[in-house]
There are 2 protein chains.
Amino acid sequence: MGEAGPIRTIGQLAEAGGVGVQTVRYYERRRLLLPTSRLPSGYRLYGAEALQRLRFIRNAQALGFTLREIEGLLNLRVSSAARCDEVQQAAQAKLVTVEAKIRDLEALARVLRTFIRSCRAGRPTEHCPILASLESPTLESNSKSNGGKSKKSNGGRGGKGRAKENQRRHKSGG
Amino acid sequence: MGEAGPIRTIGQLAEAGGVGVQTVRYYERRRLLLPTSRLPSGYRLYGAEALQRLRFIRNAQALGFTLREIEGLLNLRVSSAARCDEVQQAAQAKLVTVEAKIRDLEALARVLRTFIRSCRAGRPTEHCPILASLESPTLESNSKSNGGKSKKSNGGRGGKGRAKENQRRHKSGG
DNA sequence: CTTGACCCTGTACCTTGGTAGAGGGTGTAG
DNA sequence: CTACACCCTCTACCAAGGTACAGGGTCAAG
């Protein structure tokens with residue numbers, strides 16, 4: 001308000017927001033943070049609201065939102081009033097995925113602890129029980145709750161949608 | 001043993017391992033899974049140990065190991081005997097990073113829950129408390145334990161190592 | 001020999017969130 | 001006018017773990 005004025009160049013904005021200049025331009029490419037105006041030379045100028053927006057982006061990122069999701073939140077913010085419940089729902093949805101990820105990781109941690117104990121038990125290490133376990137057809141404790149996005153919306157690779165090269169035809173007893 | 005024999009083409013191996021053909025070739029590029037032999041035509045052939053190795057890779061991935069780490073585990077496996085403690089240490093290290101990630105996510109979940117409650121409290125939604133919070137200079141609860149790799153080993157973007165374009169010089173009260 | 005499924009190599013593309021550099025223009029102090 | 005920090009656009013690159021496609025060769029059945 002009273003120390004440098006609200007109009008900043010990209011370098012000043014980046015500094016104030018704790019990001020790099022390239023990052024600000026990257027956000028612009030992603031249409032998350034447009035410059036308030038431009039000099040005739042093309043220099044970007046940012047007002048105080050741009051810094052607010054930049055902080056919004058960084059904070060939301062710290063909460064685990066992706067830039068795509070943040071774009072949605074910012075659009076909600078533009079259309080003001082009574083949209084608060086949508087924001088709340090977004091936060092709720094994010095919480096659900098975060099909790100799912102926590103559960104996955106805890107299941108993972110349990111398996112790892114089991115493995116570690118199986119070694120600590122003082123067996124002769126000639127046949128490492130961990131390495132042996134890793135060769136089993138499928139690992140026990142597959143309690144993946146899929147708390148995120150799957151890689152390809154394909155969902156399980158046994159489908160018929162294989163494009164050109166993937167599966168064999170019939171030769172099961174050749 | 002009695003149904004198809006241990007020698008397989010890449011398609012059969014991929015099928016048995018639950019991955020795509022391209023993925024097997026990708027593992028080969030990464031030197032994780034070499035074909036047992038080749039036909040004169042260049043066709044890859046895989047023995048039973050290749051399937052074991054493929055399962056090893058997939059299981060270790062499911063435990064959160066990266067392909068790079070798996071490469072290390074596989075090399076340990078080659079040099080047998082008395083290396084079990086190295087495997088155990090790898091598992092232990094992985095457990096530490098998994099636990100750190102869990103802590104981060106739990107901190108995140110707490111913030112999200114706080115936000116969600118701040119809305120549920122029945123305030124007039126005209127000024128959404130979540131969106132307002134997201135505009136604060138820095139979010140509270142920055143207890144990141146950094147239990148993984150940082151993006152760039154840069155560690156804080158206020159350093160002097162900015163290559164060519166990033167920071168302003170002196171103009172703070174211009 | 002033809003067909004069709006399968007295989008080969010090589011290369012490009014995908015996602016996410018940026019970084020890095022080339023090549024050149026601008027703002028301003030001295 | 002010179003210098004220099006800063007800015008511009010555009011393009012390429014990074015990790016990680018694949019996926020996809022082009023263009024062509026092979027295997028086995030019919």
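In what follows, chains are A, B, ... by sequence order, proteins preceding strands, each numbered from 1. Worth knowing before you read on, the calculation uses all heavy atoms, side chains too, and leaves out hydrogens, waters and symmetry mates. Keep in mind it's a predicted model, so treat the numbers as computed, not measured.
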Proximal nucleotide (of C:dT9, D:dC8, C:dG18) relative to the A:Leu67 side chain: C:dG18
Side chain A:Tyr43 and base C:dG25 donor-acceptor under 3.5 Å: yes
Value in whole Å for how far the P atom of C:dT16 lies from CD1 of A:Ile70: 12 Å
Candidate pair B:Tyr26 and B:Val21, rule side-chain contact (heavy atoms from CB on, under 4.5 Å), full reasoning: CA-CA 9 Å; B:Tyr26 174 68; B:Val21 168; over 6 Å; no
Full working for side-chain contact (heavy atoms from CB on, under 4.5 Å) between A:Tyr46 and A:Val24: CA-CA 11 Å; A:Tyr46 298 91; A:Val24 175; 3.5 Å; yes
Distance below 4.0 Å between A:Ser41 side-chain N/O and D:dC8 OP1 or OP2: no
Salt bridge present between B:Arg113 and A:Glu99 (N-O < 4.0 angstrom): yes
Interatomic distance, B:Arg31 CZ vs D:dG18 P [rounded to whole Å]: 18 Å
Salt bridge flag under 4.0 Å for residues B:Arg38 and B:Glu28: yes
B:Lys94 with B:Glu69: basic N within carboxylate O range, under 4.0 Å: yes
Phosphate contact (D:dG17 OP1 or OP2) by B:Thr23 side-chain N/O below 4.0 Å: no
Nucleotide D:dA16, atom P - distance to CD1 of B:Ile57 in whole Å: 17 Å
Residue A:Gln61, side-chain atoms from C-beta onward, closest of D:dC8, C:dG18, C:dT26: C:dG18
Rounded distance in Å - CD (A:Gln12) to P (D:dA5): 16 Å
Sugar-phosphate, base or nothing in reach of A:Arg29, heavy atoms under 4.0 Å: base
Spacing between B:Leu45 atom CG and C:dC7 atom P, to the nearest angstrom: 10 Å
Shortest side-chain distance from B:Arg38, nucleotide among C:dC8, D:dC8, D:dG17: C:dC8
Toward the 5' end of DNA chain D, by each residue's nearest nucleotide, A:Ile10 or B:Pro40: A:Ile10
Phosphate-side-chain proximity, A:Arg58 and C:dG18, N/O vs OP1/OP2 below 4.0 Å: yes
Under-4.0 Å side-chain N/O to phosphate OP1/OP2 contact, A:Arg44 with D:dC7: no
Non-hydrogen side-chain atoms of B:Gln61 and B:Arg58 separated by less than 4.5 Å: yes
A:Leu39 CG to D:dC7 C1', straight-line distance once rounded to whole Å: 10 Å
Nearest-angstrom distance from the residue atom CG of A:Leu32 to C1' of C:dG17: 11 Å
Under-4.0 Å side-chain N/O to phosphate OP1/OP2 contact, A:Thr9 with D:dC7: yes
Phosphate OP1/OP2 of C:dG18 contacted by A:Tyr27 side-chain N/O (<4.0 Å): yes
Rounded distance (Å) that lies between atom P of C:dA20 and atom OH of A:Tyr26: 15 Å
Among D:dT26, C:dA20, D:dA20, the one nearest A:Gln22 by side-chain distance: C:dA20
